[in-house]
Amino acid sequence: MMRLSSGNIFKTNCNIIFTKQHMGLALPISKCSTLSKRLVARSFKITNSGLGHCSVGHRAVAELRHRWMEFQGIKNWEGLLDPLDDDLRKEILRYGEFVEATYRCFDFDMSSPTYATCLYPMTSMLTDCGLDKTGYKVVKNLYATCVVQMPRWTKKMFPNLASPRSSWIGYMAVCDDEKEIARLGRRDMVIAYRGTATSSEWLENLRATLTCLPDDMTTSDESYDQPMVQSGLLNLYTTNTQCDQSLQDTIREEIGKILDKYSDEPLSITITGHSLGAALATLTACDITTKFSNAPIVSVVSFGGPRVGNKSFRCQLEKNGTNVLRIVNSDDPITKVPGFVIQDDIDDVEERETTHMASTGMPSWLQKCMEDTQWVYAEVGKELRLSSKGDIATCHDLKTYLDLVNNYENGTSLI
């Protein structure tokens, strides 16, 4: 049971719902039927966690409506994280629920003909998975395509490892409820991504060397080197086939429509995800702010994400005004990979694990040699660091992250 600062209480049947898929990078579940997935998802009925317009008092409405730009990171969340502002906490949890929906909607059953697709129709997706009364309408399903696939010989020896090349990875939703728009202070568009689920996605995760962003994703600025990102991640975002549009093309097409349709009103784009989805959220934000000069406030709220790119990639994000809030569990090893960090000048991160960072006092020639290995990453955005102090097996779980946020007080998570 969770208690939010608004005083509303809701129940979670964690033992039933939060199974291995909620760890984002966990191996797929092969013995869970599609029917049982549907029943499980329906049994977890969320009443918007007390965050929706139906259960928020007048003070909270006014607070959010007038401060939404702060909560979206316009001031880099200054003064809001320690102690964690209660209204910001509710916003983080609200976006976390959109990420939870990606797991409940995904068909993990490898024996099912609909494996790796969305279990529910787009028109009723959020309601069917238990996330009703959000005020948002799903406008697009999102699919990611892998470059690498499981070798043919593995399909005969390990049939359970069969993996489609393209998989449903999330959705785009737009707030279309007038009361919720009034509560939020603007019309909000959400892009939500799940974590790793298929074998092919696992293989892409292993392609961890840095590669240059394509020209249409970079800004011409000679003040810093070529922005680079994890190669497997870029593959998932940009790869298309004769039958499947790339995730990038889908995003750009839909964002263009949204900007045209709502050009005359306050608008925000919030991209959220867990694990692999957290990394995709950051890459997507970079693409949107680079491609669309008329983009509104673009913010990322990520949970348990791995590293994404190098220092030049971070510089491009900052130059484009992309706001990134990374929620990190210090006990979660996924947040410490891939590659390593040789220096980091983000002020809000006070401590780095020495096993993942070399001395910042190294000679410049040695630092350059290490960067040339294409394994040197940089942390991005503002960090909200939590600590579960618990089982290593659950520290990456999305439920753990949301519990940590819900109980975070003055730099300590009370769980």
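Numbers for residues simply follow the sequence, beginning at 1. It should be emphasised that the depicted structure is a prediction, and the values quoted were computed from it without experimental measurement.
Classification of Glu379 and Arg314 as a salt-bridged pair fails, no side-chain N sitting under 4.0 Å from a carboxylate O. Between Lys399 and Asp403, at least one side-chain nitrogen of the basic residue sits less than 4.0 Å from a carboxylate oxygen of the acidic one, meeting the salt-bridge criterion. Using a cutoff of 4.0 Å between basic side-chain nitrogens and carboxylate oxygens, Arg207 and Glu204 are scored as salt-bridged.
Under the 3.5 Å distance criterion, the side-chain polar atoms of Glu201 are matched with a main-chain donor or acceptor of Ala197. A donor-acceptor contact shorter than 3.5 Å links the side chain of Lys336 to the backbone of Ser330. At distances below 3.5 Å, not a single donor-acceptor pair connects side-chain atoms of Thr127 with backbone N or O atoms of Ser124. In this structure a side-chain-to-backbone donor-acceptor pair under 3.5 Å is missing from Thr272 to Ser302. The closest donor-acceptor contact from the side chain of Thr114 to the backbone of Thr117 lies at 3.5 Å or more, if one exists at all. When atom types are taken as modelled, the side chain of Arg89 and the backbone of Val405 share a donor-acceptor pair closer than 3.5 angstrom. Between the side chain of Asn310 and the backbone N or O of Pro227, no donor-acceptor pair lies under 3.5 Å. A donor-acceptor pair is defined here as one N or O able to donate and one able to accept, closer than 3.5 Å; such a pair exists between the side chain of Asn329 and the backbone of Ser388. With hydrogens and angles ignored, the 3.5 Å screen pairs a side-chain donor or acceptor of Arg165 with a backbone N or O of Cys146. For the pair Arg326 (side chain) and Val380 (backbone), a donor-acceptor distance under 3.5 Å is present.
Rounding to the nearest 0.5 Å gives a distance of 9.0 Å between OG1 of Thr238 and CG of Asp216. Atom CG in Leu325 sits 6.0 Å away from atom CG in Leu384 (nearest 0.5 Å). Note that the OG1 atom of Thr134 and the CG atom of Asp177 stand 8.5 Å from one another [nearest 0.5 Å]. If you take CZ on Phe313 and CE on Met217, they are separated by 7.0 Å, rounding to the nearest 0.5 Å. Atoms OG and CG, on Ser263 and Asn294 in that order, are 8.5 Å from each other to the nearest 0.5 Å. The CD atom of Glu100 sits 9.0 Å away from the CZ atom of Phe303 when rounded to the nearest 0.5 Å.
Asn320 and Thr219 share no donor-acceptor pair across their side chains, judged by distance under 3.5 Å alone. A donor-acceptor pair shorter than 3.5 Å can be found between the side chains of Asp249 and Ser246. In summary, the side chains of Ser111 and Asp109 do present a donor paired with an acceptor at a separation below 3.5 Å, with no hydrogens or angles considered. A donor and an acceptor atom, one from each side chain of Gln245 and Thr250, are located under 3.5 Å apart. For the residue pair Thr289/Thr322, the side-chain donor-acceptor check at 3.5 Å is satisfied. A side-chain donor from one of Ser166 and Asp244 sits under 3.5 Å from a side-chain acceptor of the other.
Side-chain contact between Ser312 and Met228: absent, with no pair of heavy atoms (C-beta onward) separated by less than 4.5 Å. Put simply, the side chain of Leu184 does not reach to within 4.5 Å of the side chain of Trp68, judged on heavy atoms. Taking 4.5 Å as the limit, some side-chain heavy atom of Ile181 sits within range of a side-chain heavy atom of Glu178. Annotation: side chain of Val139 is not in contact with side chain of Tyr171 (no heavy-atom distance under 4.5 Å). Between Met172 and Val138, every side-chain heavy-atom pair lies at or beyond the 4.5 Å cut-off. At a threshold of 4.5 Å between non-hydrogen side-chain atoms, the residues Phe98 and Ile191 do not count as touching. The side-chain heavy atoms of Leu247 and Asn240, taken from C-beta on, include no pair separated by under 4.5 Å. In this structure, the side chains of Ile255 and Ile269 come closer than 4.5 Å at one or more pairs of heavy atoms.
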Steps toward side-chain contact (heavy atoms from CB on, under 4.5 Å) verdict (Ile288, Thr284): CA-CA 6 Å; Ile288 292 173; Thr284 300; 3.8 Å; yes
Pair Gln316-Thr218, side-chain contact (heavy atoms from CB on, under 4.5 Å): steps then yes or no: CA-CA 8 Å; Gln316 178 168 317; Thr218 60; 3.8 Å; yes
Salt bridge (Lys or Arg N to Asp or Glu O under 4.0 Å) between Glu70 and Arg67, intermediate numbers included: CA-CA 5 Å; Glu70 290 184 60; Arg67 300 179 64 197; 3.7 Å; yes
Arg186/Leu267 under side-chain contact (heavy atoms from CB on, under 4.5 Å): CA gap, chis, key distance, verdict: CA-CA 5 Å; Arg186 84 284 186 191; Leu267 181 68; 5.9 Å; no
Audit row: Asp287, Arg252, salt bridge (Lys or Arg N to Asp or Glu O under 4.0 Å) steps and yes/no: CA-CA 8 Å; Asp287 188 32; Arg252 288 182 172 185; 2.8 Å; yes
Full working for side-chain contact (heavy atoms from CB on, under 4.5 Å) between Leu276 and Leu236: CA-CA 10 Å; Leu276 168 64; Leu236 283 168; 3.9 Å; yes
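Legend: residues meeting side chain to side chain donor-acceptor pair (under 3.5 Å) with Trp168, ordered by chain and number and at least two apart, are Asn141. Looking at residues two or more places apart in sequence or on another chain, you find a side chain to side chain donor-acceptor pair (under 3.5 Å) between Asp188 and Tyr95, Tyr136, Ser268, Thr270.
For the pair Arg307 and Tyr377, the cation-pi test (distance below 6.0 Å, angle within 45°) is failed.
Ring pair Tyr103/Phe108 is parallel by interplanar angle, where below 30° counts as parallel and above 60° as perpendicular.
When all heavy atoms are compared, the tightest approach of Leu259 to Pro296 is CD2-CD, 3.5 Å. Between Met125 and Tyr120, the shortest heavy-atom contact is CA-CB, 4.1 Å. Considering all non-hydrogen atoms of both residues, Ala279 and Pro306 come closest at CB-CG, 4.0 Å. Contact between Cys175 and Glu180 at its shortest, heavy atoms only, is SG-CG, 3.5 Å. Summarising the geometry of Asp331 relative to Cys395, their closest heavy-atom pair is O-SG, 3.1 Å, with the distance given to 0.1 Å. Pairing each heavy atom of His274 with each of Asp397, the nearest pair is NE2-C, 4.2 Å.
The number of heavy-atom neighbours closer than 6.0 Å to CD of Glu78, taken from other residues, nucleotides and ligands shown, is 12 or below. Heavy atoms of other residues, nucleotides or ligands lying less than 6.0 angstrom from NZ of Lys319 number more than 12.
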